[in-house]
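Step one of this worksheet: look at the structure below.
In this text the structure is predicted, and so the values were computed from the model without any measurement.
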Amino acid sequence: MFSLAVFFQSFGPLFWAARYTLLISVLGIGLGILIGTLICAARLSPYPPLRRFAAVWVSFLRGVPLLVQLLVFYYALPVIGLDVPAMVAAVVTVGICASAYISEIWRGAIAALPKGQAEAAVAIGMTPVDVWTRVILPQAVTLSLPALINELILLVKASSLVSVVGILEITRASQAQAATTFRPLEVYIAAACIYLLINLCLAALGRYLEHRTAV
Amino acid sequence: MEWSVLQQYGPSLLKGFGNTILCWALGTVFGMALGLVIALIQRYAPRWVTWIVQAYIEVIRGTPFLVQLFVLYYGGPLVGLRLDALPAGLLGLTIYGSPYFAEIFRSGFRAVPDGQIEAARAIGMSESDIVRRILLPLGLVSALPALVNFSIILTKETVILSIITVPELLYQVQRMSAETFRYVEANLVLALFFWGLVETISRVGLRLEARITKHLIERT
Amino acid sequence: MLGASSVEMRKVNKYYDNFQALKDIDLSIPPGKVTCLIGPSGSGKSTLLRCINFLEEYDSGEVRIDGQLIGYDAPNKKMSGRRLREMRRSIGMVFQQFNLWPHMTARENVAEGLVRVRRLSKADADRRAGEALAKVGLADKSASHPSRLSGGQQQRVAIARAIAMEPKLMLFDEPTSALDPELVGEVLSVMRTLAGEGMTMVVVTHEMGFAAHVADQVGFMEKGELVSVASPDRILHHPEDARIQSFLRTYHERNSF
């Protein structure tokens, strides 16, 4: 009933496809951190229009499903004349979507910092820029590490959706495998195992980092 | 922008809308029920049972929803599980949500002060009565904001069901745009719909919370 | 009073990992009498009290209620859940934090045990709950939720909840410690009434006035040891042990002005 042969044979091609999964996830979170930091800064800035823009950015990107965002980018853009390769569209979409969540992670971490931290720095006479870069940001980043690893895990899982725009990551590759072996059960379970493996490693990494940076 | 397109596809869009709500509502209810069972098992069952349950949670939380759906819908028939797209989608949504709901309920239970459970034990109440009359009501109230929050996340997950051909809203919209090339109207419908749904659920959730916790807020 | 219970504790010991919370406690609680336990924080008074209804599990020794062992059928053989619940039905407990159930009204709080444990009909339970609330002077608050009641009122509802079950023994774990001073009196007054009716009561308290005027015997505990048990006059007014003297000295310093 369950073909162990097919199950184990699938791992080869799927592991190969996993590099795209990891590429998209890592690039995605990188982009997300870059944009997310800017958005967070906008959110906390003293300029109302900037704050509003950032708030709408976050609420829109968190309210619309990622799949819809992917489809928009991939199908709607050519209509406007922008022809991008699927990989670029995927990474950009995932990155922009992640930026909304990362901005909120930063915000949460900064809010969680005891006010006394900034006050003590100002009291010694540090400049605002220094207060930010030497006191607030390092601690905010440390506080956010668990949430960031969590976000990375979410991105790894979300990357399965880019299969719909044709990128040969794990899910797409498993669909191809299933088509040739006619054993979807074994193939998809193998795919699940690979995702699980990646995420368990990430979770372990998260625990290790938490341990290392414990205050 | 051609509104006549929307008119033409109105009925099928409405059907998709209905299916999305159906999947979301049933998926939430069943997912919560399963999550509650899991949370109670984690609290009361012997260690080997919780071990199995913990493994289940890790697997579901560690794998993509889409892959879970593929296993159920495409892989299922190979072990005798032949489901239509919609029921498969529902089952998938229920299973996908259950570990998250379970964790929410666990936190809710932890938030119930030990003293109140002790007072019930001191009178000689049975464990099952304590769960039914004290732990569940108070735990649920604690968990309500997180429950509403996650059910909102589930609304967004329903679009993934379109990939296994469940005729919910995204599926219908894609059909519409494939046949008419009208991507703008299509995405507008989608965006408005989800924005509306999320707003509604948040508002209802807040109102529900306020009514239920009316008695629990100390007026000093 | 429908029969008051007696409690016998022999060589009771309790450990939290390596820490010994109770050291060879021997204590007799006579029926129909009030026993107060006093002593510094961390002395094990609450732990000892909670061993009586097995909310804390003692590790060795015996606790007998009316001659019947509680918590264990035999040394090292724990009592079944059902037997334990049965025994607890005749023991009432009042907690420092009241522990009223916030989602139920006062009446529902009191009736809950009657319906779930004593299996009364809802109508009978409501009636008895009303009587118990009237007894503690809160008949007019029966439809109120705990969040609308003062601390003293909540504690009185908690007492009503316990006495509605018609217990033969009442345990009080620092019943007034969490109350604002002006609310302490109303609770002590209810406890005094109960004592006057011949209820067996064990009270862990810092209210020395209550111990002096209402208790039939007072026990002093320190660091897990039951140092001495005697009449209130002996313990509170003419203590022989230096530890009791020092405790009372600190108490008087903190409470006179």
Side-chain angles (χ1 to χ4, degrees), chain A residues 1-3 6 14 21 59-60 62-80 150 153-164 169-172 174-175 178-179 182-203, chain B residues 20 55 58-81 96 149 152-164 168-171 173-174 177-178 181-199 201-202:
Chain A
M1 212 165 51
F2 186 86
S3 164
V6 175
L14 291 183
T21 295
S59 111
F60 180 76
R62 297 207 308 180
V64 178
L66 178 61
L67 183 57
V68 174
Q69 295 177 28
L70 277 167
L71 292 171
V72 167
F73 256 71
Y74 189 66
Y75 288 115
L77 284 189
V79 179
I80 326 180
N150 204 40
I153 292 177
L154 289 176
L155 281 187
V156 166
K157 292 194 289 179
S159 71
S160 70
L161 294 178
V162 307
S163 57
V164 308
E169 40 70 63
I170 299 176
T171 306
R172 187 65 163 171
S174 64
Q175 283 176 295
F182 294 102
R183 304 291 308 176
L185 185 67
E186 290 83 344
V187 171
Y188 290 133
I189 291 184
C193 289
I194 297 188
Y195 278 111
L196 194 58
L197 190 65
I198 297 176
N199 285 330
L200 287 177
C201 290
L202 284 175
Chain B
T20 294
E58 291 293 320
V59 169
I60 305 295
R61 283 174 65 147
T63 55
F65 182 37
L66 184 58
V67 175
Q68 293 171 17
L69 286 175
F70 281 173
V71 170
L72 278 175
Y73 187 58
Y74 296 118
L78 268 69
V79 284
L81 184 72
Y96 175 71
N149 232 27
I152 291 179
I153 293 178
L154 278 185
T155 67
K156 295 188 292 164
E157 302 293 327
T158 60
V159 294
I160 300 181
L161 296 177
S162 65
I163 302 181
I164 59 164
E168 45 69 74
L169 191 57
L170 177 57
Y171 183 84
V173 167
Q174 280 199 286
S177 28
F181 300 100
R182 292 268 155 208
Y183 295 102
V184 184
E185 288 87 347
N187 294 308
L188 200 63
V189 170
L190 268 181
L192 283 175
F193 171 75
F194 277 100
W195 178 76
L197 186 61
V198 168
E199 269 302 303
I201 302 175
S202 301

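Closest non-hydrogen pair, A/S174 versus A/V187, comes out as O-CG1, 3.3 Å. The two residues A/A191 and B/V67 make their nearest non-hydrogen contact at CB-CG1, 4.4 Å.
Using a 4.5 Å cut-off between heavy atoms, B/I160 touches chain A through backbone and side chain atoms alike. Neither the backbone nor the side chain of A/S59 comes within less than 4.5 Å of any heavy atom in chain B. With a 4.5 Å cut-off on non-hydrogen atoms, B/L78 touches chain A through its backbone and its side chain both. Heavy-atom distances place no part of B/T155 under 4.5 Å from chain A, backbone and side chain included. Only the side chain of A/L200 comes within contact range of chain B, judged by heavy atoms closer than 4.5 Å. Neither the backbone nor the side chain of B/E157 comes within less than 4.5 Å of any heavy atom of chain A.
Every residue two or more places apart in sequence or in another chain that forms a side-chain hydrogen bond (donor to acceptor under 3.5 Å, both in side chains) with A/R183 is listed here: A/E186.
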For B/F70 and A/Q175, run side-chain contact (heavy atoms from CB on, under 4.5 Å): C-alpha distance rounded to whole Å, both residues' side-chain angles, the deciding distance at 0.1 Å, then the answer. CA-CA 9 Å; B/F70 281 173; A/Q175 283 176 295; 3.4 Å; yes

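With hydrogens and angles disregarded, a donor-acceptor distance shorter than 3.5 Å links the side chain of A/K157 to the backbone of B/R61.
No other option in A/V156, A/L161, A/V64 has as many heavy-atom pairs under 4.5 Å with chain B as A/L161. With respect to chain A, the highest number of heavy-atom pairs below 4.5 Å among B/L170, B/L72, B/V71, B/T158 belongs to B/V71.
Annotation: side chain of B/E168 is in contact with side chain of B/Y171 (closest heavy-atom distance under 4.5 Å).
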